[in-house]
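By convention here, the first residue in the shown sequence is residue 1.
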Amino acid sequence: MSFKKLGLSDSLLKAIDKKGYSKPSLIQEKAIPAILEKKDVLASAQTGTGKTAGFTLPLLQILSHGQKYRRRPIRALILTPTRELAAQIQDNVIAYSEFEDLRSMVIFGGVNANPQIRALKNGVDILVATPGRLLDLHNQKALSLKTVEILVLDEADRMLDMGFQRDLNKILSVLPIKRQNLLFSATFSKEIKKLANKILKNPVSVEATPENTTAEKVNQKIYRVDQKKKSELIIKLISEGNWKQVLVFTRTKHGANRLSKKMVASDITAAAIHGNKSQGARTKALKGFKDGSVRVLVATDIAARGLDIPLLPHVVNFELPNVSEDYVHRIGRTGRAGASGEAISLVSQEEMTYVKGIEKLIGEQLKSEIVDGFEPTMTASNNARTSANQKNSRKPKSKRNTRNYKRSSKR
Ligand code: ADP
Ligand code: MG
């Protein structure tokens, strides 16, 4: 399958070519034709499968070929939960629309609203926004949503997780009733289906999770280690393994700062990214990581969710998340767009209960190793785990939830 066969225009094909994509991903192959037919679409595919281009390319084509308005009212609204995601989507929109006569803009909170308000006055065809700032500017009458033809909800599952339901409802209430709706999500949860039922009209559902997922692209393993020895271990892994770039997850903002400082003290360039950092600091850290000047990015879940960091070979869980789904999202940062990757979790005795939940969710057991010199101190509950381990060595029964989380083998 080629992008051309999907019915995209020559100017878009040129932009795709410039991006270096040779063929569409599975979700793009399925979603693009349906969107071009102006259908409502519910699309689910795991992280890193190219959902952004999946909605942006057809959206640009529809707007380019639609009626032109001199004053550029907002014709497409792309909503996404975090500032970083909004900025990334905008980067994509800019790249793909290089040869189109379309203007786009991104708005999000945490930065001064005045430049955004001024820029909106010049008119934009495509607005990428986080819900809070969008409502804020709408309330100030800095923008109107009456002319929106296409609504995109990206990372809709995260949007619900982060409590944006009420903001969403408000936004929906000021949009025109007749519009095209596109809902993109990494998972197809009950909540997502409920949201879809409310927003979408006769949607085409597309899912890009192949039934047979034999080849796992991400090599996952855990290292058992005492909490207080974790920093030393991760520094050893990075230096001795000669890892060029690694994304590290910590459970707390404070922990992210502390670890990144320790790395720097060991001559490993590192930066922390989390909710307490200013927008400028976050952007700078991400940029440094992308251009390679920062070797280790230490992040909390919220900050890292959805970040597009291409071809990242290593992801480390410095601490396991207490929500198993977050584990899946974290390891989705490695092995992106067909490349393979390694996800390592440093697991202390206290965290062993999380391992069980994760194994149940992903439907497989995680390989467990101990590094010489980092043996965990034996405790009574350690022995308890050994027997629990044996009891659990059968394949977990629950396969139902795992489908969306398996890595694609078809790409
Ligand atoms: P998702 O939203 O599904 O998590 P993204 O849209 O962020 O995924 O895309 C993940 C990565 O894959 C990005 O670096 C993007 O540039 C790249 N990508 C997207 N489509 C293709 C394609 N058809 N071929 C190769 N790489 C692609
Ligand atoms: Mg995405």
Is the shortest heavy-atom distance from the side chain of Phe249 to the side chain of Val315 under 4.5 Å? yes
Under a 4.5 Å cut-off applied to non-hydrogen side-chain atoms, are Leu120 and Leu127 in contact? yes
Could you tell me whether a side-chain N or O of Glu207 sits under 3.5 Å from a main-chain N or O of Ala43, the two making a donor and an acceptor? no
For His314 and Trp243, take the angle between the two ring planes, folded into 0 to 90°, and tell me which bin it lands in: parallel under 30, tilted 30 to 60, perpendicular over 60. parallel
Check whether the side chains of Ser348 and Glu351 place a donor and an acceptor atom closer than 3.5 Å, and report yes or no. yes
Quiz question: by atom type and distance under 3.5 Å, do the side chains of Ser64 and Glu100 form a donor-acceptor pair? yes
Working for side-chain contact (heavy atoms from CB on, under 4.5 Å), residues Leu195 and Lys193: CA-CA 5 Å; Leu195 182 72; Lys193 284 190 184 136; over 6 Å; no
Contact check, side chains of Ile370 and Val225, non-hydrogen atoms, under 4.5 Å: no
Between Lys230 and Leu346, is there a donor-acceptor pair closer than 3.5 Å when you use the side chain of the first and the backbone of the second? yes
Please find the pair of heavy atoms, one from Ile238 and one from Ile268, that lie closest to each other, and give the distance. CG2-CD1, 4.1 Å
Rounded to the nearest 0.5 Å, how far apart are CG of Asn276 and NE2 of His254? 11.0 Å
Counting C-beta onward and ignoring hydrogens, is there a side-chain heavy-atom pair between Leu151 and Leu172 closer than 4.5 Å? yes
Against the six-membered ring of Phe184, is Lys51 placed for a cation-pi contact (under 6.0 Å from the centre, within 45° of the normal)? no
Distance, nearest 0.5 Å, that separates CE of Met1 from NZ of Lys5: 6.5 Å
Under 3.5 Å, side chain of Thr250 to main-chain N/O of Gly255, donor-acceptor pair present? no
Applying the side-chain contact (heavy atoms from CB on, under 4.5 Å) test to Phe55, which of Asn92, Ile27, Val152 qualifies? Val152
Between Pro203 and Leu42, what is the shortest heavy-atom contact and its length? CB-N, 4.4 Å
Taking atom CD of Gln88 and atom CG of Asp154, what is their separation to the nearest 0.5 Å? 10.0 Å
Evaluate side-chain contact (heavy atoms from CB on, under 4.5 Å) for Ser2 paired with Lys23, printing each intermediate quantity in order. CA-CA 5 Å; Ser2 66; Lys23 63 182 181 39; over 6 Å; no
Would you sort out whether Val248 and Leu297 count as a side-chain contact (heavy atoms from CB on, under 4.5 Å), showing the intermediate values? CA-CA 6 Å; Val248 180; Leu297 189 66; over 6 Å; no
Taking the side chain from Gln180 and the backbone from Lys39, do they hold a donor-acceptor pair closer than 3.5 Å? yes
Please report whether the ring centroid of Phe374 lies less than 6.0 Å from that of Tyr223. no
Given 3.5 Å as the limit, does a donor-acceptor pair link the side chain of Gln61 with the main chain of Leu12, or not? no
Where is the tightest heavy-atom contact between Ala270 and Ser260, given as atom of each residue plus distance? CB-O, 3.9 Å
Does the side chain of Gln227 come under 3.5 Å of the side chain of Glu319 through a donor N or O and an acceptor N or O? yes
Asp301/Arg330 salt bridge by N-O under 4.0 Å criterion: yes
Sub-3.5 Å donor-acceptor pair from the side chain of Ser345 to the main-chain atoms of Val347, do we have one? no
Over all atoms of both residues, closest heavy-atom pair of Gly109 and Arg83: O-NE, 3.4 Å
For Thr80, is there any backbone N or O sitting under 3.5 Å from a side-chain donor or acceptor partner on Thr130? no
Separation between NZ (Lys30) and CG (Leu6), nearest 0.5 Å, reads 13.0 Å
Is any side-chain N of the basic residue among Arg224 and Glu369 closer than 4.0 Å to the acidic one's carboxylate O? no
Between Lys262 and Ser231, is any side-chain donor less than 3.5 angstrom from a side-chain acceptor? yes
Gln245 side chain to Lys290 backbone, donor-acceptor under 3.5 Å: no
Taking 4.0 angstrom as the limit, do Lys284 and Asp291 come out as a salt bridge? no
Between atom CE of Met352 and atom CG of Leu320, what is the distance when rounded to the nearest 0.5 Å? 9.0 Å
Taking the side chain as everything from C-beta on, heavy atoms only, tell me whether Ser104 gets closer than 4.5 Å to Gln90. yes
If you compare all heavy atoms of Asn169 against all heavy atoms of Lys198, which two are closest, and at what distance to 0.1 Å? OD1-NZ, 2.5 Å
Just by distance, with hydrogens left out, do Ser185 and Glu155 show a side-chain donor and acceptor under 3.5 Å apart? no
Val296 vs Ile234 side-chain heavy atoms within contact, under 4.5 Å: no
Just by distance, with hydrogens left out, do Glu359 and Tyr327 show a side-chain donor and acceptor under 3.5 Å apart? no
Indicate yes or no: does Asp125 engage Arg103 in a salt bridge with an N to O separation below 4.0 Å. no
If every non-hydrogen atom of Ile199 is compared with every non-hydrogen atom of Arg179, which pair is closest and at what distance? CG2-NH2, 4.0 Å
Distance from Leu36 atom CG to Leu8 atom CG, nearest 0.5 Å? 6.0 Å
Say whether Asn257 and His274, considering side chains only, have a donor N or O and an acceptor N or O under 3.5 Å apart. yes
Evaluation steps, side-chain contact (heavy atoms from CB on, under 4.5 Å), between Gln220 and Ile362: CA-CA 11 Å; Gln220 305 169 54; Ile362 64 175; 3.5 Å; yes
Under the salt bridge (charged side-chain N to carboxylate O under 4.0 Å, His left out) rule, what do Glu149 and Arg75 come out as? Steps first, then yes or no, please. CA-CA 5 Å; Glu149 298 162 33; Arg75 296 171 61 203; 2.8 Å; yes
I'd like to check Val124 versus Arg72 (side-chain heavy atoms, cut-off strictly below 4.5 Å). Are they in contact? no
Pairing donors with acceptors under 3.5 angstrom, does anything connect the side chains of Thr377 and Asp226? yes
